[in-house]
2 protein chains.
Amino acid sequence: MNTLEEVNDFVRNGHHEYLAHVSIDPVIFGYHQQQLKILLLKWKGLEGWGLPGGFIKRREPLSQAAYRILQDKTSLSNLFLQQFHIFGDSPYRVRERSAQEFKEKFNLNLDDCNWLLQRTLSIGYFALVDFSKVTVQTDFFTEDYHWWDVREIPTLLFDQNEVVDKALLTLRLQIYHQPIGYNLLPEKFTLPEIHTLYETILGKELDQRNFAKKLIALGLVRKLNEQRSIGAHRSPFLYQFEKENYENALQAGVVHTY
Amino acid sequence: MNTLEEVNDFVRNGHHEYLAHVSIDPVIFGYHQQQLKILLLKWKGLEGWGLPGGFIKRREPLSQAAYRILQDKTSLSNLFLQQFHIFGDSPYRVRERSAQEFKEKFNLNLDDCNWLLQRTLSIGYFALVDFSKVTVQTDFFTEDYHWWDVREIPTLLFDQNEVVDKALLTLRLQIYHQPIGYNLLPEKFTLPEIHTLYETILGKELDQRNFAKKLIALGLVRKLNEQRSIGAHRSPFLYQFEKENYENALQAGVVHTY
DNA sequence: ACAAAAGTGTTAGCGATACACCCATGT
DNA sequence: ACATGGGTGTATCGCTAACACTTTTGT
């Protein structure tokens, strides 16, 4: 959506194409330079940053809508995506909006009963993406984008800080049951990288030796015959996931701690 | 909703009071006679059984809506209720319904664009109730109700078998992190009762001695000076939850196995 | 030579699991 | 007395957790 014409059509006739009252808000996690990050957009006319949300088409399966929205923003097609909560309790999600608000913020004239003014429930999805493969797409509504360290998330629009918090909580709870590393790390990675990733997500220190020991003992990763050069230090070996073992272990929930 | 007049008003004007496109479907678990059961309703005009669902009012917080719907059906106010998934992928949740279908099944005449004909996403909640305290309310749409053993759930309306399956799965996953026993058992219960409850939910045998040992060692239950008479057998002692310890243990996730 | 990060083994303690016999009660 | 379900203790094994020094690399 890039021209003013398209935007006007979306605002006025969007309810013929999309479901009112429900939106999808994806929390996109990426991992880069030892930091867990979230992709946020700066919306035109609105103060502050927000999630790259979107609407569901009238006859589109829900999960397909989530993939479409993700793909539109990141141009990634093969990513991990999971629904984690639906938000409909905060005051922002209960009250309806006014046409005046829209006029002031976007300079768009809306009918009082326009579909965008109605209360919207938000379905939270979280995505795990390989940071290095993402190219962010912007459009008419998007002024800027930025990957934010999860420890430094600014104040977001509406109740979206709550959405992000819940996503992080879910990520932590599921770290032993979902292919977290598989989707956040590049194909080849070093032990210190995956070690720091887990420490970052869990927000606590994990013993270096025990961590490596367990990964290897369970056959979750395979040591490659390559090393990465990291400057004035010993060169770490590269590893790959043993896809089959890894997935079996997750299913069985074998891995409880590191 | 009991008179035909009320029903007609709901069908024709419900969209002024309720949000279209979204419904709440609660899976109500109860435990009785060593069986985990689910409350299902027989809807008038529809073949088969279904969940006791309802709609969200326009300005009603989501979780409040879930409580209201639950309370309307069970007359219970103090119950455990948790959102677990939103369903919007199955063919039933994608396609829209026809006025003709409504005419045939309910003998109600609807406009082609009536709000009840539109696609509806379903928010799944699961509730844990003390079976002995429930009195089920029926209304115009409800022909009958029945508590079904979870191992014998019949074919349900739409995609609701999927909803029930997912609720069961979630219950199993959360058994160590949610006050499962607290809400499904009466205030006073015997060790064999809680033991069988956990076996039933997890669908596997748990060692009797280890189970009791752990419950008591962690101080989750307190032995009372009362016994229950169960006929021609040794009388089991009654126990109560040690509320404080129990909740602390859940929060900390202390209990991993039995 | 030095600074910074990678790599690597052992031990102690705790918790999970496996296992079988006696007791209470009503008929 | 007998049938049925309730109640109880111990020993082994495996996993977790704690812990520090040597190696590599570039400057």
Side-chain angles (χ1 to χ4, degrees), chain A residues 33-35 175-176 181 185 188-200 202-240 245 248-250 252-258, chain B residues 33-35 175-176 181 185 188-200 202-240 245 248-250 252-258:
Chain A
Q33 294 182 334
Q34 318 276 63
Q35 293 177 330
I175 195 168
Y176 302 126
L185 291 170
K188 299 174 180 183
F189 53 88
T190 67
L191 284 187
E193 278 169 352
I194 188 172
H195 177 229
T196 316
L197 170 63
Y198 272 72
E199 286 190 332
T200 306
L202 292 173
K204 67 179 182 190
E205 291 193 1
L206 300 169
D207 185 89
Q208 190 190 146
R209 278 168 290 189
N210 292 337
F211 183 83
K213 207 189 314 173
K214 185 142 189 182
L215 275 186
I216 293 163
L218 290 171
L220 303 183
V221 296
R222 182 178 61 250
K223 192 175 188 169
L224 300 176
N225 233 339
E226 305 170 57
Q227 289 169 278
R228 171 174 297 162
S229 184
I230 54 162
H233 311 292
R234 183 169 180 175
S235 308
F237 279 92
L238 289 170
Y239 286 76
Q240 271 190 339
N245 276 340
N248 290 343
L250 289 170
V254 166
V255 184
H256 289 114
T257 63
Y258 288 97
Chain B
Q33 294 180 334
Q34 320 275 63
Q35 293 176 330
I175 194 168
Y176 302 126
L185 292 171
K188 298 173 180 183
F189 52 88
T190 67
L191 284 187
E193 277 170 355
I194 189 173
H195 178 227
T196 316
L197 170 62
Y198 271 72
E199 286 191 331
T200 306
L202 292 173
K204 66 177 182 192
E205 291 192 2
L206 300 169
D207 184 271
Q208 189 189 145
R209 279 169 290 191
N210 294 336
F211 183 82
K213 205 191 314 174
K214 186 142 189 182
L215 276 185
I216 293 163
L218 291 171
L220 303 183
V221 296
R222 183 177 61 249
K223 191 176 190 169
L224 300 176
N225 232 339
E226 304 170 56
Q227 289 169 276
R228 171 174 297 163
S229 183
I230 54 161
H233 311 292
R234 182 170 180 173
S235 308
F237 278 93
L238 289 171
Y239 287 76
Q240 271 190 338
N245 276 340
N248 290 342
L250 289 171
V254 166
V255 184
H256 289 114
T257 62
Y258 290 96

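Here is the naming used below: chain letters follow the sequence lines, and residue numbers restart at 1 for every chain.
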Nearest whole angstrom, please: distance from the [atom2] of [N] to the [atom1] of [X].
X: B:K204; N: C:dA16; atom1: NZ; atom2: C1'; value: 12 Å
X: B:L224; N: D:dG7; atom1: CG; atom2: C1'; value: 16 Å
X: A:E193; N: C:dA5; atom1: CD; atom2: P; value: 14 Å
X: B:F211; N: D:dG7; atom1: CZ; atom2: C1'; value: 14 Å
X: B:I216; N: D:dT8; atom1: CD1; atom2: C1'; value: 10 Å
X: A:L215; N: C:dG7; atom1: CG; atom2: P; value: 13 Å
X: A:Q208; N: C:dT8; atom1: CD; atom2: P; value: 10 Å
X: A:L238; N: C:dA5; atom1: CG; atom2: P; value: 18 Å

Exercise. Within 45° of the six-membered ring axis of B:Y239 and under 6.0 Å from that ring's centre, is NZ or CZ of B:K223 located there?
Worked result: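 Checked: cation-pi criterion not met.
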
For this session: Output yes when a side-chain donor or acceptor of A:N245 lies under 3.5 Å from a complementary backbone atom of A:G219, and no otherwise.
Result: yes

Exercise. Would one find a side-chain N or O of A:K214 under 4.0 angstrom from OP1 or OP2 of D:dT16?
Worked result: yes

Exercise. For D:dT8, does OP1 or OP2 lie under 4.0 Å from any side-chain N or O of B:K223?
Worked result: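 Yes, B:K223 has a side-chain N/O under 4.0 Å of OP1/OP2 on D:dT8.
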
Exercise. Does B:K188 have any side-chain contact (heavy atoms from CB on, under 4.5 Å) partners at least two apart in sequence or in another chain, and if so, which?
Worked result: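 Here the qualifying residues are B:L224, B:E226, B:L238, B:Q240.
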
Exercise. Which residues satisfy the side-chain contact (heavy atoms from CB on, under 4.5 Å) test with A:E199, sequence neighbours excluded?
Worked result: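 Applying side-chain contact (heavy atoms from CB on, under 4.5 Å) to A:E199 gives A:H195, A:E205, A:L206.
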
Problem set entry | Pairwise side-chain contact, A:P236 with A:L191, heavy-atom cut-off 4.5 Å (strictly under) |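 The answer is no, as the side chains (C-beta and beyond) never meet within the 4.5 Å cut-off.
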
For this session: Test side chain to side chain contact (heavy atoms under 4.5 Å, CB included) on B:L197 and B:F189 and set out the steps.
Result: CA-CA 11 Å; B:L197 170 62; B:F189 52 88; over 6 Å; no

Problem set entry | Sequence-distant partners of B:Q35, side-chain hydrogen bond (donor to acceptor under 3.5 Å, both in side chains), two or more places apart |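 Residues passing side-chain hydrogen bond (donor to acceptor under 3.5 Å, both in side chains) with B:Q35: B:K37, B:D149.
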
Exercise. Under the side-chain hydrogen bond (donor to acceptor under 3.5 Å, both in side chains) test, which residues partner B:K213, sequence neighbours left out?
Worked result: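 Partners of B:K213 under the side-chain hydrogen bond (donor to acceptor under 3.5 Å, both in side chains) test: B:N210.
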
Exercise. Which parts of nucleotides 9-14 of chain D does protein reach within less than 4.0 Å, heavy atoms only, written one letter per nucleotide 5' to 3' as B for base, S for sugar-phosphate only and - for none?
Worked result: BB----

Seminar exercise, completed: With B for base contact, S for sugar-phosphate-only contact and - for none (protein heavy atoms under 4.0 Å), nucleotides 22-27 of chain C reads -BBBS-

Seminar exercise, completed: When every non-hydrogen atom of B:S235 is compared with those of B:S229, the smallest separation belongs to OG-CA, 4.3 Å

